[in-house]
Colleague: 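Here it is, the structure, as structure tokens.
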Amino acid sequence: MVRDLQQYSAWRQGVVNALQDYRNWAREAELLDAGSEQRLARALARLADDKLSVAFVAEFSRGKSELINAIFFAGYGQRILPSSAGRTTMCPTELMYDPAYPPSLRLLPIETRAGNLSTSDYREDDDAWTVFPLDLQSADAMYEVLRQVSTTRHVSVEEAKRYGLYDEDDPDMPVTLDEHGRVEISRWRHAIINFPHPLLKQGLVILDTPGLNAIGTEPELTLNLIPHAHAVLFILAADTGVTKSDIEVWRDHIGAGAGRLVVLNKIDSMWDELRSDAEVDGEIARQQDQAAHLLGVETRQVFPVSAQKALVGKITGDAALLSRSRLQSLEDALFDELIPAKKDIVRKRLAEDLQSLNAAQQSMLGARMRGIVEQLHELKSLRGKNRNVIAHMMRRVEAEKKEFDASLFKLQATRAVFTRLSTDLYTGLGLDVLRDHVLAVRDSLNRSRFSTGMREAVRTFFDSIHEDLDQSERKVEEIRGMMEAMYRKFSAEHGISLAMPMRFSLLKYLEEIEDIEEVYHKQFGTATLLMTSRVVLMERFFDSIASSVKRCYKAANADAEAWLKVIMAPLEAQIRQHKEQLKHRQASIQRIHDATDSLEQKIEAFEAEQASLEQEKARLAELAGAISIAVNAEFVAMTAAA
């Protein structure tokens, strides 16, 4: 696993190096406009912040934490995450490594559920978290600190309801009360373990969920963490099989697809000295087939394992026990699916950027080359010509320059329209508008305690968001159409070769909003709300919806702002270059007219510049090819090279 992630990191670093080489050379050659600089900066930032996330999802006591210990932490010679009979992980727990923080356990208090902020909203607020340092020199000390994720407290029913953790209409709830009528809840809402494990340092993020019931009560899991995980391990227990709640969570929140694996844990409960190995294997195979049938997946996607025996086998060096635990097959499948899937995501993100990037640089080089060729043609045509012909050519260049300057005045009028449309776009995407939508829903939720009123408020919210984004998308299309017309006009009138302005669309943000809305409908369908009073839970869920939509709006605003800043950059760069070429042509012919330079010397200088541009063109193609090679490199080649 370490090798696989190291190879992935090496692949990613190879792409980074190729992009940096391209950027550095293009800067020196003065071939980078603002748009190209921005594309490169964003591509490099995405690669630097690249993470691989794996979520472990199951009902409590299925062995999630033990499986994490067996796969990732057996090298420490004991359990790192708490794992015992009953519930151990009481809150969603992320294992990751961020060098900006010391090794520590960061815990978000459960009391934050009473407010209007989601877990994501608190991530940048260091003061909101309780922090326990981790002693990396002592596995026992680390274990004691990490036991905090399993701590609970008893609160009144009213307090539990305020946090959305007690549903008075659920007939099973009263039996969970203690002798004083109190509810046992987790002490913490979310935990982040910052730990310099080799895999975590390579960018792996592990999510340990606190049981299927938390999928419904902690919206952050439903809306963000599980859907965005690159791999999800859904853990069943061989001794209990597939339960109704397992099927519901699989269908509603996970589902079959790339990076989705089913783990049939605790097969050691089926080991029996009174039966032959073949009989035991047959029984395990039947459980495997049944789980696959009930979840609607192929049998090969269900992995029977014993996490506990695998951990013991790794720690004690018992190869036979480790082999019998069958963990190796799961580990192979996890990383065989996880890393290629992540590489495909990175490649798709880079593909469009790289295509636009190279086109912009090739266009600038092409414009320079055409300018040199035109000037060479002019100068060579002067051979043997008298001063009157040269004077006529000077007047022609002067007229061309005046015509070009006049067209620049027309450009100012287009800029005014561009500014107005940009303002309209920002208005539709404005966070102030979003805030008003959110406040309207919260007001409706506070006034209505009936399911129909609450559903109507949220439906109106999503309708408003769709309308805002649709309107903004129309403005984007209007701006792009206007700019493309302007690009074509300049190309036709002045012979400037221009790649069309970089494309931009808000459709991906519309799709993100639709995904959020779909999760909401699954969580709060009509029948659920009519039969169950889940008012506080719905309010908490809407807080997470609002937070997710806000993040979406911020990203859309940032992308729109970046696009508007650079959409004119290629045109402006070509205009500057064309003005310089006209100026140089005028100066060259003037010097020849004044006999301050010999015609042949000037021709030689331009021919040398032409040869230099040809070398630059070849170097640009070479660097672009190096990026393509790095992006499409496979681990097989990297392994062979090693």
Side-chain angles (χ1 to χ4, degrees), residues 1-29 31-32 35-54 71-72 75 94-103 192-207 228-231 258-259 331-332 334-358 360-361 562 619-642:
M1 288 185 294
V2 174
R3 182 205 65 205
D4 288 348
L5 273 174
Q6 285 175 337
Q7 288 181 335
Y8 174 76
S9 295
W11 170 81
R12 189 177 59 197
Q13 189 58 48
V15 177
V16 168
N17 292 342
L19 284 170
Q20 288 176 334
D21 288 345
Y22 185 99
R23 182 182 63 182
N24 294 340
W25 182 86
R27 273 180 183 166
E28 290 179 9
L31 288 171
L32 283 187
S36 299
E37 280 277 15
Q38 189 176 82
R39 285 192 196 96
L40 281 164
R42 291 178 67 184
L44 288 167
R46 281 200 298 262
L47 288 166
D49 195 37
D50 189 39
K51 300 290 184 185
L52 285 158
S53 57
V54 182
I71 295 177
F72 301 105
E94 289 180 82
L95 292 93
M96 59 187 296
Y97 182 64
D98 183 347
Y101 291 93
I192 298 176
I193 301 171
N194 196 53
F195 186 63
H197 183 279
L199 291 171
L200 304 183
K201 290 171 78 172
Q202 296 291 342
L204 184 68
V205 176
I206 302 166
L207 173 65
H228 294 157
H230 300 105
E331 291 179 340
D332 291 344
L334 172 61
F335 283 88
D336 284 347
E337 288 211 21
L338 175 64
I339 293 177
K342 180 59 176 172
K343 282 182 71 175
D344 285 343
I345 292 171
V346 174
R347 281 171 171 160
K348 287 175 183 175
R349 285 179 175 174
L350 285 171
E352 187 175 339
D353 283 343
L354 297 181
Q355 187 176 2
S356 301
L357 187 70
N358 196 42
Q361 272 66 71
R619 180 58 176 156
L620 184 68
E622 181 185 336
L623 289 167
I627 296 175
S628 181
I629 291 170
V631 168
N632 293 300
E634 296 298 338
F635 292 155
V636 174
M638 294 166 60
T639 305

Colleague: Rounded to the nearest 0.5 Å, how far apart are CD of Gln7 and CD of Gln202?
Modeller: 11.0 Å
Colleague: For Asp98, give me all partners under side-chain contact (heavy atoms from CB on, under 4.5 Å), at least two apart in sequence or on another chain.
Modeller: Ala100, Tyr101, Asn194
Colleague: Could you give the distance from CZ (Arg619) to CG (Leu31), rounded to the nearest 0.5 Å?
Modeller: 12.5 Å
Colleague: Which heavy atom of Ala630 sits nearest to which heavy atom of Ala18, and what is that distance?
Modeller: CB-CB, 4.2 Å
Colleague: If you take all heavy atoms of His197 and Phe72, which pair is closest and at what distance?
Modeller: NE2-O, 2.7 Å
Colleague: Could you walk me through whether Asn632 and Arg347 pass side-chain contact (heavy atoms from CB on, under 4.5 Å), step by step?
Modeller: CA-CA 8 Å; Asn632 293 300; Arg347 281 171 171 160; 4.2 Å; yes
Colleague: Who are the side-chain contact (heavy atoms from CB on, under 4.5 Å) partners of Pro103, not counting sequence neighbours?
Modeller: Leu134, Leu136, Pro196
Colleague: Can you tell me how far the NE2 atom of His230 sits from the CG atom of Leu334, to the nearest 0.5 Å?
Modeller: 12.5 Å
Colleague: State the CG-CG distance between Leu350 and Leu19, to the nearest 0.5 angstrom.
Modeller: 6.5 Å
Colleague: Any chance you could lay out the side-chain contact (heavy atoms from CB on, under 4.5 Å) test for Leu623 and Ile627, step after step, and finish with the verdict?
Modeller: CA-CA 6 Å; Leu623 289 167; Ile627 296 175; 5.9 Å; no
Colleague: Starting at NZ of Lys51, measure out to CG of Leu200 and round the result to the nearest 0.5 Å.
Modeller: 9.0 Å
Colleague: With a 4.5 Å cut-off on side-chain heavy atoms, are Met96 and Ile206 touching?
Modeller: no
Colleague: Rounded to the nearest 0.5 Å, how far apart are OH of Tyr8 and CG of Leu204?
Modeller: 11.0 Å
Colleague: Using ring-ring contact (aromatic ring centres under 6.0 Å, His included) as the criterion, list what pairs up with Tyr97, not counting sequence neighbours.
Modeller: none
Colleague: Per the salt bridge (Lys or Arg N to Asp or Glu O under 4.0 Å) rule, what does the pair list look like for residues 6-15, sequence neighbours excluded?
Modeller: Arg12-Asp50
Colleague: Got a sec, which residues hit side-chain contact (heavy atoms from CB on, under 4.5 Å) with Ala624, two or more places apart in sequence or on another chain?
Modeller: Tyr22, Asn358
Colleague: Does Trp25 use its side chain to pair, donor to acceptor, with the backbone of Leu620 at less than 3.5 Å?
Modeller: no
Colleague: Listed by chain and number, what are the side-chain contact (heavy atoms from CB on, under 4.5 Å) partners of Arg27, not counting sequence neighbours?
Modeller: Arg23, Asn24, Leu32, Glu37
Colleague: Determine the minimum heavy-atom distance between Glu94 and Val205, stating which atoms define it.
Modeller: OE1-CG1, 4.0 Å
Colleague: Using the test side-chain hydrogen bond (donor to acceptor under 3.5 Å, both in side chains), find all partners of Gln13 that sit at least two apart in sequence or belong to another chain.
Modeller: Asn17
Colleague: May I ask you to test the Leu44-Val16 pair for a side-chain heavy-atom distance under 4.5 Å?
Modeller: yes
